[in-house]
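Report on the structure given below.
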Amino acid sequence: MENTENNDKLLFHKENYIILIIGLAVIALGFILMSGGGSDDPNVFNKDVFSFRRIRLAPTVIFLGFGVCIYSIFKKPKK
């Protein structure tokens, strides 16, 4: 007896994957916002490490990206 079911179906629909890719791009943007601010000389402290962009904005963008990814997993397709 052969299994007649089609096992090549994707787990999600195209819409879910598009939203997931958008969420991953938002997470990547958050990590890009968090980068930088280093000092060339290790004996000199750079206060730019504690800027608004790195302390508040970047983590907020990353959490929003995780929220978008979770939404893409739970979203049911339109019939």
Side-chain angles (χ1 to χ4, degrees):
M1 295 186 159
E2 287 185 34
N3 188 0
T4 59
E5 293 180 23
N6 186 3
N7 291 333
D8 294 335
K9 290 185 178 181
L10 296 174
L11 185 60
F12 300 117
H13 289 86
K14 180 181 177 182
E15 196 173 296
N16 294 75
Y17 285 113
I18 291 172
I19 296 171
L20 181 66
I21 290 170
I22 291 170
L24 292 174
V26 170
I27 292 171
L29 175 67
F31 279 109
I32 290 170
L33 288 173
M34 199 180 298
S35 67
S39 178
D40 294 333
D41 184 11
N43 296 324
V44 177
F45 180 74
N46 188 356
K47 292 184 180 182
D48 204 27
V49 173
F50 298 113
S51 68
F52 171 79
R53 186 182 83 189
R54 290 184 182 90
I55 297 296
R56 300 279 184 216
L57 183 63
T60 304
V61 170
I62 291 171
F63 282 128
L64 287 174
F66 282 129
V68 170
C69 289
I70 291 170
Y71 172 75
S72 73
I73 293 170
F74 287 123
K75 184 178 182 320
K76 291 188 179 184
K78 296 178 183 177
K79 293 184 180 186

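Nothing here was measured: the structure is a model prediction, and the numbers come from that model.
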Could you list the donor-acceptor pairs under 3.5 angstrom formed between side-chain atoms of residues 11-33 and any protein atom two or more places apart in sequence or on another chain?
| residue | atom | partner | partner atom | Å |
| --- | --- | --- | --- | --- |
| Glu15 | OE2 | Lys75 | NZ | 2.4 |
| Asn16 | ND2 | Ser72 | O | 2.7 |
| Asn16 | ND2 | Lys75 | O | 3.0 |

- [ ] With sequence neighbours excluded, give me every ring-ring contact (aromatic ring centres under 6.0 Å, His included) pair touching residues 51-79.
- [x]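 Every pair satisfying ring-ring contact (aromatic ring centres under 6.0 Å, His included) with a residue in residues 51-79: there are none.
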Open item on the list: Quick check against the 3.5 Å criterion: does Arg54 have a side-chain atom that pairs as donor or acceptor with the backbone of Asp48?
Closed with: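 Side chain of Arg54 to backbone of Asp48: a pair is present.
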Task: Verdict with supporting geometry, Met34 and Leu57, side chain to side chain contact (heavy atoms under 4.5 Å, CB included) - done: CA-CA 8 Å; Met34 199 180 298; Leu57 183 63; over 6 Å; no
